[in-house]
Protein chains: 2
Amino acid sequence: MIQGAQSRGRGAGTASLRRLPLYYRLLQQLVAGGVRYVSSGIIGRDLGLDPTQVRKDLEALGLSGRPRVGFAVSDLLRGIESFLGWDRPKEAVLAGAGNLGSALLRYRRFGEYGVQIVAAFDTDPEKIGRPIDGKEVYLLDSLPGRVRRMGVHLGVITTPPRAAQRVADLMVEGGVRAIWNFAPVHLRVSPSVVVQNEDLGHALASLSLRLAQEGPEDGLGGPARLVPDLEPEDPDAALQGGAQPDEG
Amino acid sequence: MIQGAQSRGRGAGTASLRRLPLYYRLLQQLVAGGVRYVSSGIIGRDLGLDPTQVRKDLEALGLSGRPRVGFAVSDLLRGIESFLGWDRPKEAVLAGAGNLGSALLRYRRFGEYGVQIVAAFDTDPEKIGRPIDGKEVYLLDSLPGRVRRMGVHLGVITTPPRAAQRVADLMVEGGVRAIWNFAPVHLRVSPSVVVQNEDLGHALASLSLRLAQEGPEDGLGGPARLVPDLEPEDPDAALQGGAQPDEG
DNA sequence: CGCCAATCGAGATGAGATTCTCGATTTCGG
DNA sequence: CCGAAATCGAGAATCTCATCTCGATTGGCG
């Protein structure tokens, strides 16, 4: 991914950081299959990456493998979880309880990454006071105060474009220091606030572009994520959205 | 961004490709404000990028500016649209009409990028035959045949993790050549099929990580997108999810 | 018309990322 | 116990990307 002007950590560069979730997913599927050890060559082959790169990435995490054997899958999983902070709980609030916002409030999988959305905000009186998936929906105007009292530092914006900037301002006012922005607008915030844009339209269009350009897959995300990104998963747990198209 | 093993185009590298949607968003806000010309310096300041980089990105699109004046905003918008293929219509199908899938079916903004989801598939009998936002929901088993008849090459997977691989196989069987995968699993598909992973959990966790690492914003996405990505928008049009928290 | 400032475009420089090469270690099969 | 194969780990080479520097062009102003 492209990092604009970002201070990168020491060990793992922003590049390898993006691949860790990919490894994590694959490793989870391997443990589910009873595999205990895996070589960088296997990982590389499945993910379309160079084995050396895989080793370097894992090395940056402080993990090491054994010649002729490979890496212990369980070590890798724990190492990645720890490195990415998935084992340290964090809370977030969401603004804009529309289609997308509601879906995110019901999304079951954030917990696996140590993140939990604890409250929602909206301006529609119809929505206030009606919890969505157990999360209370409050009036938008009360956001700064509540967020500050809750001590939450993560905010999710799923409002219409026109409301996004104001919501961002309210969040920052309440002490939010990182914003996950689904609204397709460029937010102007203090440089100390981290903004991660997640434009779904752009993401799908990006995929379409890759298709048109005949660019065989590499496993990475793509859009939004054009910038900093990550990801993981396990093949047996519950699941996201809600519908389970067979195969249960 | 990190691209696994991808054949990159000639003109614009994968890096600048990720920034184009950022420019697009900003430019749309500028036209809405009546601005006709903009310099690379202005764009760079607003987006936190180096002016030279902005010029290089735009240059890669075949666009040029005039000294002392800058670039014509309308030219830039058209150029980006064209380069990213947003002006060429494409159809997509979706599998997994759960929370997330439904939200995407109702998402109004794909059209702006030239993409339209034309049908959905699921295994839940309750959902079959009940259109969502005007899109018909069919039985998953009929996917290959229908997709082939419709001539669709884009597929979206919003199923539980366990169903994802089977759905991917069905899609490929039906002729889908690019998959947007929201299920947190690593899909194994033919190398000729493009897979773009969009793990929302990972994306949010990624943001959280950036926060913890004290990494001031750069405007880029982050996770998923790890690989090829993109994005755009206009500040006045309708909007995404559905809820409109004030400011209407 | 001539000067000044703004802005672009191109080349050079430097940092980061990816790939390649090679030596060391360990397991497996005689 | 010994040789072959696999795998890792470190260093070097290559590539891409981002930033810096500088000359050229253009519009505004006197």
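It should be emphasised that the depicted structure is a prediction, and the values quoted were computed from it without experimental measurement. Order of the sequence lines fixes the chain letters, A, B, ..., with proteins taken first and strands second; residue numbering starts at 1 for each chain.
One atom, CD of E59(B), and another, P of dT7(C), lie 18 Å apart when rounded to the nearest Å. Put simply, CG on D57(B) is 10 Å from C1' on dC17(D), counting in whole angstrom units. Spacing between atom CG of L58(A) and atom P of dT18(C) amounts to 14 Å, rounded to whole angstrom units. dA6(C) atom P lies 12 Å from atom CD1 of I42(B), rounded to whole Å. Between the P atom of dA17(C) and the CG atom of L17(A) lies a distance of 10 Å, rounded to the nearest Å.
Among the nucleotides dA17(C), dC8(D), dG9(C), the one closest to any side-chain atom of S64(B) is dG9(C).
Counting only heavy atoms from C-beta outward, the side chains of R177(A) and V194(A) never approach each other to under 4.5 Å. Using a 4.5 Å heavy-atom threshold, the side chains of L47(A) and L26(A) count as touching.
Residues satisfying the side-chain contact (heavy atoms from CB on, under 4.5 Å) test with V172(A), not counting sequence neighbours, are I179(A), V189(A), V193(A). With sequence neighbours excluded, no residue forms a side chain to side chain donor-acceptor pair (under 3.5 Å) with E91(A). Checked against side-chain contact (heavy atoms from CB on, under 4.5 Å), R78(A) has the following partners two or more places apart in sequence or in another chain: S74(A), D75(A).
For the OP1/OP2 pair of dA17(C) and a distance below 4.0 Å, the side-chain nitrogens and oxygens of Q53(A) include no atom meeting the criterion.
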**Prompt:** Once each nucleotide of nucleotides 22-28 of chain D is scored for protein heavy atoms under 4.0 Å, what B/S/- sequence comes out, 5' to 3'?
**Reply:** ---BBBS
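In terms of position on DNA chain C, the residue among D50(A) and F71(B) whose nearest nucleotide sits closer to the 5' end is F71(B).
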**Item:** Intermediate values then yes/no, ring-ring contact (aromatic ring centres under 6.0 Å, His included), Y113(A) and F110(A)
**Value:** CA-CA 5 Å; Y113(A) 305 88; F110(A) 291 128; 7.7 Å; no
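Of all heavy-atom pairs spanning W86(A) and A205(B), the tightest one is NE1-CB, 3.2 Å.
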Quiz: residues 55-63 of chain B side-chain donor-acceptor pairs under 3.5 angstrom, not counting sequence neighbours:
from   : atom 1 : to     : atom 2 : distance (Å)
R55(B) : NH1    : S40(B) : OG     : 2.9
D57(B) : OD1    : R19(B) : NH2    : 3.1
D57(B) : OD2    : R19(B) : NE     : 2.6
D57(B) : OD2    : R19(B) : NH2    : 3.3
D57(B) : OD2    : Y23(B) : OH     : 2.5

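Using modelled atom types and a 3.5 Å distance limit, the side chains of R188(B) and Q165(B) yield no donor-acceptor pair.
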Could you pull out the protein-nucleic contacts involving nucleotides 11-13 of chain D (nitrogen or oxygen on both sides, under 3.5 Å)?
from    : atom 1 : to     : atom 2 : distance (Å)
dG11(D) : O6     : K56(A) : NZ     : 3.1

